[in-house]
Amino acid sequence: MKTLRSLAEARFKNISVEDLSSLESTITGDLLPNLNPRARRLLNLASLALNLASTPTMLKPFSMLSVEGRRRWLERVNVESTIYNLISLLDVVVLATHMANPRVSSRIGYRREEAMSRVRVEPLPTLSRSGKPRGVYDVIVVGSGAGGSVVAWELTRRGFRVALFEVGPEPSRGDLVKLHPSFRALKYYWDSGLTFTWGNPIIHIPFGRVLGGTVTVNSGTMFRVPGRALNLWYKATGVNVDSGTLEEAYKVVEGVLGVKQVPEHLLGGNAMAMRRGAEALGLKLHGPVRRPLGSCLGLGECAFACPSDGKIDMRLSFLRDAVSRGLEVYTNAHVRRVLLGDGRVLGVEVELGGVSVRVESRAVVVSAGALNTPRLLLASGVRNRNLGAHLHIHPALGVTAIMNYKVNGWVGTMQSYYVADLLEDLGVLLLATLPPPGIGYSAGSIPFEEIHEYPYLASIGVQVSDENTGAVPRRAVLGVADYNLSSEDLEKIREGVKLATEILLAAGARKVYLPLKTTQGVHNVEDARRVLDRAKPGLFKLSAYHPMSTARMAGDPSAGVVDGDGRVFNYDNLYVADASIIPSTTIVNPQLTINALSLMVAWRIAKEL
């Protein structure tokens with residue numbers, strides 16, 4: 001706590017004693033209770049490392065330096081060092097906690113309490129059940145995200161007895177409304193959101209640990225996969241996904257989720273800035289995104305479990321309907337292994353309430369996500385050299401700007417507008433993305449001393465369809481996956497950031513902050529190009545939200561883990577239905593395609609059973 005307070009004093013010039021006290025009490029009362037043990041250990045390690053790191057040069061621990069001494073030392077830290085990355089982690093905690101203070105956020109005009117007063121605080125229907133599973137099921141589904149929920153829904157409505165196990169909790173309406181999105185992220189993301197790939201550079205890769213999976217905490221952006229992606233898939237693994245069947249599955253999913261274009265009144269100021277810049281530059285491929293729209297109030301908290309049911313996620317659609325038809329859902333249920341025997345699965349071993357239980361079934365569908373499915377299958381004894389390999393993640397980063405007019409980007413749908421002019425040639429997609437103040441892209445690369453400029457902040461996310469791939473090891477010592485940015489993907493990133501910079505400048509930016517660890521604002525495209533062309537991979541602030549292809553579909557086991565129906569090679573009744581079966585990159589946001597492919601897997605299972 002002392003180190004975090006010392007860092008806050010150094011980062012926020014002239015911070016008041018009252019605000020410092022509030023930060024400390026918020027960390028103690030709201031942040032730490034929602035951190036899982038692994039995340040808490042990481043936070044403690046980072047705090048200890050920071051406190052000791054200044055000793056060799058300053059002869060004092062960080063917390064014992066004067067405020068000015070701390071600032072001078074922080075300015076000299078090597079941006080490519082491990083200590084810099086640990087300090088960045090602590091910066092995220094300090095900034096998010098500081099901006100969660102209603103007194104602080106109200107100074108920039110962000111008044112979350114007022115916005116939440118418009119939400120009807122009605123209890124959500126409980127989908128999960130207590131107790132232990134009983135008897136033998138037709139199908140057990142492991143995971144409740146974009147894949148597992150769809151499979152469970154389709155098989156339940158066809159009359160099969162299905163049990164679904166989700167390792168995360170079921171959100172309550174009270175938590176969604178009362179908890180600030182910063183603290184919901186700690187509660188509903190795996191390892192409290194402190195997950196990353198290990199390589200050059202380190203890439204933040206958050207994913208959900210909650211009922212509904214990552215869909216509960218994603219932006220809800222829906223694209224159908226481009227036709228050329230199917231050709232990439234065939235080239236990569238020899239699997240031929242039938243476009244007609246995929247089209248049929250897309251239509252079913254879009255109907256259940258109510259997918260539609262974001263209407264004008266929900267676009268928000270950040271999207272309007274992006275549109276203004278795109279039109280000024282004469283770009284051709286841009287417009288509002290499609291998403292599963294419910295009773296959206298434009299709260300801008302889509303990626304932290306929507307408080308108002310404005311984003312129709314798996315809980316509010318597939319799972320709710322499936323439970324009404326007899327699906328049994330168990331939350332806080334950790335499946336430790338799939339039980340295998342003689343080329344067939346017998347069921348699963350699941351930890352419920354601290355007790356290990358064996359549950360039998362005629363078939364098992366693993367839908368734990370592209371980062372956890374490989375580990376579960378490996379731990380269960382499945383052997384295939386492709387398991388955990390071929391990881392695509394769609395590296396992403398945020399370009400932020402201070403505009404010459406108020407944007408108030410936290411009002412409206414969080415991610416609501418796209419520019420696709422670089423998509424065909426480079427696989428680069430730009431998305432207007434601005435989370436609540438102090439979180440993610442909304443923090444961007446702006447200096448701490450400019451947080452008072454939040455009302456004028458606009459942000460564009462740059463998302464790259466990656467050529468390079470990484471891997472998910474069975475036991476990760478550092479990070480959840482190994483991944484290095486290739487030179488080809490680095491060039492794509494540079495081009496995407498350059499276009500995002502041009503758009504923001506054309507829209508009226510006073511200054512654009514590039515997504516680099518060396519914080520600096522640029523005022524024209526030429527300066528941006530000069531800086532970007534010299535920047536090495538380790539200087540970029542990268543994140544990723546679309547892990548896929550780690551148990552990919554293929555024509556045979558030499559190229560993948562499952563066949564074209566999602567069945568694991570050499571096992572008659574073991575299936576995978578999640579992002580890991582996608583043969584290669586989807587090029588665009590993958591949720592809709594995960595939903596559709598999983599529905600196709602369910603159709604095949606229904607025929608086999």
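Residue R276 holds its CZ atom at 8.5 Å from CE of M272, rounded to the nearest 0.5 Å. To the nearest 0.5 angstrom, L43 atom CG is 6.5 Å from L89 atom CG. Distance check, rounded to the nearest 0.5 Å: CZ of R71 to CZ of R76 gives 14.5 Å. Considering NE2 of H98 and CG of L4, their distance stands at 14.0 Å, rounded to 0.5 Å. To the nearest 0.5 Å, atom CD of residue E301 and atom SG of residue C306 are 8.0 Å apart. Rounding to the nearest 0.5 angstrom, the gap separating the CG atom in L293 from the OG1 atom in T413 is 6.0 Å.
With a 4.5 Å cut-off on side-chain heavy atoms, F540 and L532 count as touching. Within the 4.5 Å cutoff, the side chain of V225 has no heavy atoms near those of the I587 side chain. No side-chain heavy atom of L266 sits under 4.5 Å from any side-chain heavy atom of S416. Put simply, the side chain of V419 does not reach to within 4.5 Å of the side chain of L431, judged on heavy atoms. In this structure, the side chains of F196 and S543 stay at 4.5 Å or more apart for every pair of heavy atoms. Residues C302 and Q415 fail the side-chain proximity criterion, which asks for heavy atoms closer than 4.5 Å. M414 places a side-chain heavy atom less than 4.5 Å from the side chain of T433. Inter-residue side-chain proximity for M99 and I108 is flagged as met; some heavy-atom pair is nearer than 4.5 Å.
The two residues L50 and L90 make their nearest non-hydrogen contact at CD2-CD1, 3.7 Å. The heavy-atom pair separating R291 from M222 by the smallest distance is CA-CG, 4.0 Å. Taking every heavy atom of both residues into account, P583 and S549 meet most closely at C-OG, 3.9 Å. Closest of all the heavy-atom pairs between S192 and L186 is OG-O, 3.0 Å. Across A370 and V472, no two heavy atoms sit closer than the pair O-CG2, 3.9 Å. Nearest approach of P395 to L542, heavy atoms of both residues: CB-CD2, 4.3 Å.
No donor-acceptor distance shorter than 3.5 angstrom exists from the side chain of W73 to the backbone of E68, with no hydrogens or angles considered. Remark: side-chain polar atoms of S106 are not paired, donor with acceptor, to backbone N or O of G109 under 3.5 angstrom. A side-chain donor-acceptor contact under 3.5 Å links K311 to the backbone of V215. Using a distance-only test at 3.5 Å, with no hydrogens or angles considered, no donor-acceptor pair links the side chain of T216 to the main chain of D313. Between the side chain of T3 and the backbone N or O of F62, no donor-acceptor pair lies under 3.5 Å. Remark: the backbone N or O of I393 is paired with a side-chain donor or acceptor of D466 at under 3.5 angstrom. At distances below 3.5 Å, at least one donor-acceptor pair connects side-chain atoms of N484 with backbone N or O atoms of N200. Between the side chain of R290 and the backbone N or O of V259, no donor-acceptor pair lies under 3.5 Å. The main-chain N or O of T197 is never found under 3.5 Å from a side-chain atom of D482 such that the two would form a donor-acceptor pair. In terms of modelled atom types and a separation under 3.5 Å, the side chain of S22 and the main chain of E18 share no donor-acceptor contact.
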When you look at N218 and Q591, which way does the side chain to side chain donor-acceptor pair (under 3.5 Å) test go after all the steps?
CA-CA 9 Å; N218 74 2; Q591 183 197 320; 2.9 Å; yes
Begin from the C-alpha positions of E75 and R70 and carry the test salt bridge (charged side-chain N to carboxylate O under 4.0 Å, His left out) through to its verdict.
CA-CA 9 Å; E75 290 172 356; R70 290 176 223 152; over 6 Å; no
Before you tell me yes or no, could you show the steps for I451 and L95 under side chain to side chain contact (heavy atoms under 4.5 Å, CB included), namely the whole-Å CA-CA distance, both residues' side-chain angles and the distance that decides it to 0.1 Å?
CA-CA 9 Å; I451 61 171; L95 179 59; 4.1 Å; yes
Stepwise, does the side chain to side chain contact (heavy atoms under 4.5 Å, CB included) test hold for L485 with I493?
CA-CA 10 Å; L485 193 68; I493 285 172; 3.8 Å; yes
Given R103 and D19, is the salt bridge (charged side-chain N to carboxylate O under 4.0 Å, His left out) satisfied, shown in steps?
CA-CA 8 Å; R103 186 173 55 255; D19 286 347; 2.9 Å; yes
Kindly indicate, with the supporting measurements, whether the criterion side chain to side chain contact (heavy atoms under 4.5 Å, CB included) is fulfilled by T26 and L31.
CA-CA 6 Å; T26 302; L31 187 142; 5.8 Å; no
Where do E254 and K260 land on the salt bridge (charged side-chain N to carboxylate O under 4.0 Å, His left out) test, with the steps shown first?
CA-CA 8 Å; E254 289 168 346; K260 56 180 71 75; over 6 Å; no
Using the side chain to side chain contact (heavy atoms under 4.5 Å, CB included) rule, take V522 and K511 through it: C-alpha gap first, then chi angles, then the decisive distance, then the call.
CA-CA 6 Å; V522 298; K511 186 189 301 183; over 6 Å; no
Derivation of the salt bridge (charged side-chain N to carboxylate O under 4.0 Å, His left out) call for E80 and K517
CA-CA 8 Å; E80 295 189 74; K517 294 176 180 178; over 6 Å; no
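If you check the side chains of Y418 and T221, you find no donor sitting under 3.5 Å from an acceptor. Residues N85 and S88 have side chains that never bring a donor and an acceptor to within less than 3.5 angstrom of each other. Side-chain contact of S465 with T585: a donor-acceptor pair under 3.5 Å is present, judged by distance alone.
The distance between the ring centers of Y545 and F207 does not fall below 6.0 angstrom.
Ion pair E24/R5 flagged as a salt bridge, since at least one NZ, NE, NH1 or NH2 atom sits closer than 4.0 Å to an Asp/Glu carboxylate oxygen.
Here R11 pairs with L7, L74, I87, D91, F448 under the side chain to side chain contact (heavy atoms under 4.5 Å, CB included) rule; sequence neighbours left out.
Taking a 6.0 Å sphere around CE of M64, one finds it holds 12 or fewer heavy atoms contributed by other residues, nucleotides or ligands.
Under the 6.0 Å distance and 45° angle rule, R510 counts as a cation-pi partner of Y456. In this structure, R107 fails the cation-pi test against Y454, since its NZ or CZ atom is not both closer than 6.0 Å to the six-membered ring centre and inside 45 degrees of the ring normal.
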Please tabulate, for the side chains in residues 497-505, all donor-acceptor contacts under 3.5 angstrom to protein atoms that are two or more places apart in sequence or on a different chain.
unit_1	atom_1	unit_2	atom_2	d
K498	NZ	E495	OE2	3.4
K498	NZ	D533	OD1	3.0
T501	OG1	V497	O	2.8

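Between H286 and Y417, the ring planes are tilted. Angles from 30° to 60° get that label.
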